[in-house]
Amino acid sequence: MITLSSDFGSPYPAAMRGVLLRRDPDARLVDVSHEFPRQDVRAAAFWLRELLPHFPPAVHLVVVDPGVGTDRAALAVRAGEHAFVAPDNGVVVPAARALAGDDESIRAWRIDDADAASSTFHGRDVFAPAAGDLHRVGFGEFTDRSDVTRLDSFESLELPEADVTASRAVGEVMTVDDFGNVITNVPGRALEGVESVRVNDREVPAVATFAEVPVGQWLATVGSHGYVECDVNQGRGDRAFDLSSGDEVVLEVDE
Amino acid sequence: MITLSSDFGSPYPAAMRGVLLRRDPDARLVDVSHEFPRQDVRAAAFWLRELLPHFPPAVHLVVVDPGVGTDRAALAVRAGEHAFVAPDNGVVVPAARALAGDDESIRAWRIDDADAASSTFHGRDVFAPAAGDLHRVGFGEFTDRSDVTRLDSFESLELPEADVTASRAVGEVMTVDDFGNVITNVPGRALEGVESVRVNDREVPAVATFAEVPVGQWLATVGSHGYVECDVNQGRGDRAFDLSSGDEVVLEVDE
Amino acid sequence: MITLSSDFGSPYPAAMRGVLLRRDPDARLVDVSHEFPRQDVRAAAFWLRELLPHFPPAVHLVVVDPGVGTDRAALAVRAGEHAFVAPDNGVVVPAARALAGDDESIRAWRIDDADAASSTFHGRDVFAPAAGDLHRVGFGEFTDRSDVTRLDSFESLELPEADVTASRAVGEVMTVDDFGNVITNVPGRALEGVESVRVNDREVPAVATFAEVPVGQWLATVGSHGYVECDVNQGRGDRAFDLSSGDEVVLEVDE
């Protein structure tokens with residue numbers, strides 16, 4: 001199984017699908033998403049860490065790559081029974097850490113990309129060919145290739161952790177989903193036993209489900225990933241709270 | 001085969017794909033849509049009734065679930081050779097009726113969801129695990145499980161029927177598609193032999209194809225589902241006619 | 001393998017998937033895109049020519065069909081080891097030419113569509129059934145059917161070529177991608193050794209990658225398809241340059 005993740009929208013992923021199927025006609029392709037926030041490596045890293053642990057062992061092709069055409073390396077990464085093919089910008093590191101258990105168990109190889117046909121679409125010209133080959137021949141044979149070199153180190157990426165006390169949490173926005181829900185890095189326990197919370201000085205109800213408040217009502221809730229979200233029932237939380245990826249979020253509750 | 005339908009956009013469906021493939025690595029996954037109008041149970045029910053009868057027998061995982069986190073039940077439903085896993089809000093009933101032939105042939109079971117990991121993403125935590133298991137072991141073995149209970153009754157959902165006479169039809173908007181085409185519940189025969197029709201007092205040509213009118217022209221036509229649509233050639237009918245899901249539509253023709 | 005391409009958005013492609021899987025339950029379905037610019041035959045023809053040569057031999061179901069419901073023919077086309085099922089409006093011709101090597105090697109058959117259930121959704125009622133059958137039985141048996149007739153000629157479509165001299169290129173916009181990148185038909189060599197270029201009288205840097213300029217900066221670059229693009233780093237080139245499909249683009253460089 002090869003999963004595909006990118007910020008390409010449509011139709012560019014089709015070129016990767018074609019290349020993968022030419023390299024390994026038996027590969028099963030499963031889309032994760034091609035709608036990751038564009039060139040937002042940290043948001044993609046967050047989503048991949050939340051999503052990929054639900055999958056069985058697979059080769060994960062991940063292309064969110066603002067540095068395409070620069071000298072950032074193309075990587076093959078092994079994490080437990082999972083493999084990644086991705087740019088060396090940290091985008092797969094939090095997911096790999098979740099799958100491998102710890103940083104020491106993550107191993108990385110550099111894939112030579114000097115002969116890439118384009119300088120702008122390494123998804124098609126470097127990453128998809130490597131992912132197709134890796135899936136077909138397996139990790140051992142793939143990493144024995146002369147254009148694949150073991151690396152001692154690679155770009156890390158730490159998703160920030162919120163600072164949480166009994167009455168106050170200071171975190172930031174990790175990403176905004178399709179529906180405008182603002183996903184923070186404040187763990188859900190910050191809302192435990194709380195009926196109301198101030199989000200950047202705006203008081204809103206803390207609820208378990210959207211259905212608890214009227215349509216159009218601002219709210220804070222714990223999303224399916226376990227973090228606090230700032231949402232509007234059947235509306236857009238990002239617009240209501242004026243928050244976007246990377247913004248600071250201060251949550252305060254009365255003790 | 002497992003089909004997937006939701007109003008989740010991207011990337012949430014990926015979590016369901018991962019869960020399904022872990023439960024049943026041999027399952028074939030086919031997306032119906034993840035762009036159903038958000039939390040619009042009736043619109044999704046309409047689309048599923050139009051789309052699913054084209055499929056071969058399958059397990060249909062359907063998650064349009066405004067009541068997630070409340071006490072609405074999670075269902076497994078059998079309709080002819082097809083199975084559904086979906087919330088008990090009627091969303092699959094019109095499709096199940098179309099596939100089973102009548103209401104009496106539809107059978108339903110409640111799936112215990114008390115242990116769901118989240119209160120907001122039962123697609124990942126309840127429905128996908130159940131659909132994966134059901135696909136792997138088959139209906140008989142699945143419904144023998146201790147956490148699966150036969151139900152005597154379930155939420156019904158009747159899609160409204162339009163009131164049609166020779167010169168006048170009163171119906172409503174079932175949904176608006178991606179392109180702004182306004183799909184009503186008025187059967188296409190209302191436009192038979194008609195060259196012009198008043199839609200909520202606005203006179204527009206009744207045509208067989210968009211190509212019959214100039215770009216930008218308002219029109220009424222019979223869509224591929226057999227119902228009257230209010231459209232604009234290469235424009236958005238919903239904006240032109242100021243119509244959205246649930247609005248009344250009165251069609252009048254001169255006799 | 002059957003690939004699917006259309007301008008249908010969602011959920012209409014699901015009806016085609018269902019029909020295909022009923023006709024040939026063993027067919028592997030791979031989406032190319034359902035987001036091609038609506039009713040823009042030339043843009044779809046451009047994308048298909050760029051994308052399909054990356055695929056292994058397949059049946060390519062292509063439905064971009066502004067003439068649906070008129071008397072345009074439904075075609076089965078053979079080009080090398082690839083097959084197409086598509087309307088006779090030229091949409092697959094540039095891709096077929098790329099795959100077959102020359103026009104003479106492209107062969108076409110007309111599929112009788114007189115009994116189509118709808119006049120607006122031949123994707124579901126004509127093209128998908130034909131593609132499913134063609135995939136299941138193979139080209140020889142399919143074209144022996146009484147409702148399939150060999151054609152001597154079919155609609156051609158020539159993608160325009162830019163007029164390029166050492167200091168000036170006159171071309172046009174082929175399409176605008178999801179991100180607002182304006183893709184022209186001016187070959188990338190027009191920017192070779194050039195640091196700056198006037199695009200319709202506006203001077204912008206000519207760069208190898210977006211990362212070379214600040215966020216928000218206008219630029220010209222060579223896209224992954226080998227043509228000059230007019231873009232904005234992390235912005236929309238179409239809005240900045242005020243360009244859309246079919247518009248003329250004049251590039252000038254100082255010698």
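Below, chain A is the first sequence line, B the second, and so on; all start at residue 1.
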Relative to chain A, which segment of C/Val30 carries a heavy atom at a distance below 4.5 Å: side chain, backbone, both, or neither? side chain
More than 12 heavy atoms of other groups within 6.0 Å of A/Asp71 CG: no
Do C/Glu212 and A/Thr70 have side chains that approach each other closer than 4.5 Å (heavy atoms only, starting at C-beta)? no
Do A/Tyr12 and C/Ser224 come within less than 4.5 Å of each other through their side chains, counting heavy atoms only? yes
With a cut-off of 6.0 Å (strictly less than), are more than 12 heavy atoms of other residues, nucleotides or ligands near CD of C/Glu203? yes
Positions in residues 174-185 of chain A that reach chain C, provided some heavy atom is under 4.5 Å away: none
With the side chain counted from C-beta on, respond yes when A/Ser10 and C/Ser33 share a heavy-atom pair under 4.5 Å apart, and no when they do not. yes
A/Asp7 versus chain C, heavy atoms under 4.5 Å apart: side chain, backbone, both or neither? backbone
Residues in salt bridge (Lys or Arg N to Asp or Glu O under 4.0 Å) contact with C/Arg49, at least two apart in sequence or another chain: none
Side chain / backbone / both / neither for A/Pro13 at chain C, heavy atoms under 4.5 Å: neither
Is it the side chain or the backbone of C/Pro57 that comes within 4.5 Å of chain A heavy atoms, both, or neither? neither
Please rank A/Leu20, A/Val68, A/Leu21 by heavy-atom pairs under 4.5 Å with chain C and give me the top one. A/Leu21
Looking at A/Asp115, I want to see if its CG is surrounded by more than 12 non-hydrogen atoms of other residues, nucleotides or ligands under 6.0 Å. no
Above 12 or not: heavy atoms from other molecules or residues under 6.0 Å from CG of A/Asp147? yes
Which value, rounded to the nearest 0.5 Å, describes the distance between A/Thr120 atom OG1 and C/Asp231 atom CG? 9.5 Å
Just verifying a value: how many Å separate A/Arg28 CZ and C/Arg28 CZ, rounded to the nearest 0.5 Å? 9.0 Å
For a side chain to side chain contact (heavy atoms under 4.5 Å, CB included) with A/Pro11, tell me which candidate from C/Leu48, C/Asp31, C/Leu51 qualifies. C/Leu51
At a heavy-atom separation under 4.5 Å, does A/Val19 approach chain C through its side chain, its backbone, both, or neither? both
A/Arg17 and C/Phe55, any side-chain heavy atoms less than 4.5 Å apart: yes
When you measure from the side chain of A/Arg124 to the backbone N and O of C/His54, does any donor-acceptor pair fall under 3.5 Å? no
Does CG in A/Asn200 sit with more than 12 non-hydrogen atoms of other residues, nucleotides or ligands closer than 6.0 Å? yes
Tell me whether A/Arg38 contacts the main-chain N or O of C/Gln234 through its side chain, where contact means a donor paired with an acceptor under 3.5 Å. no
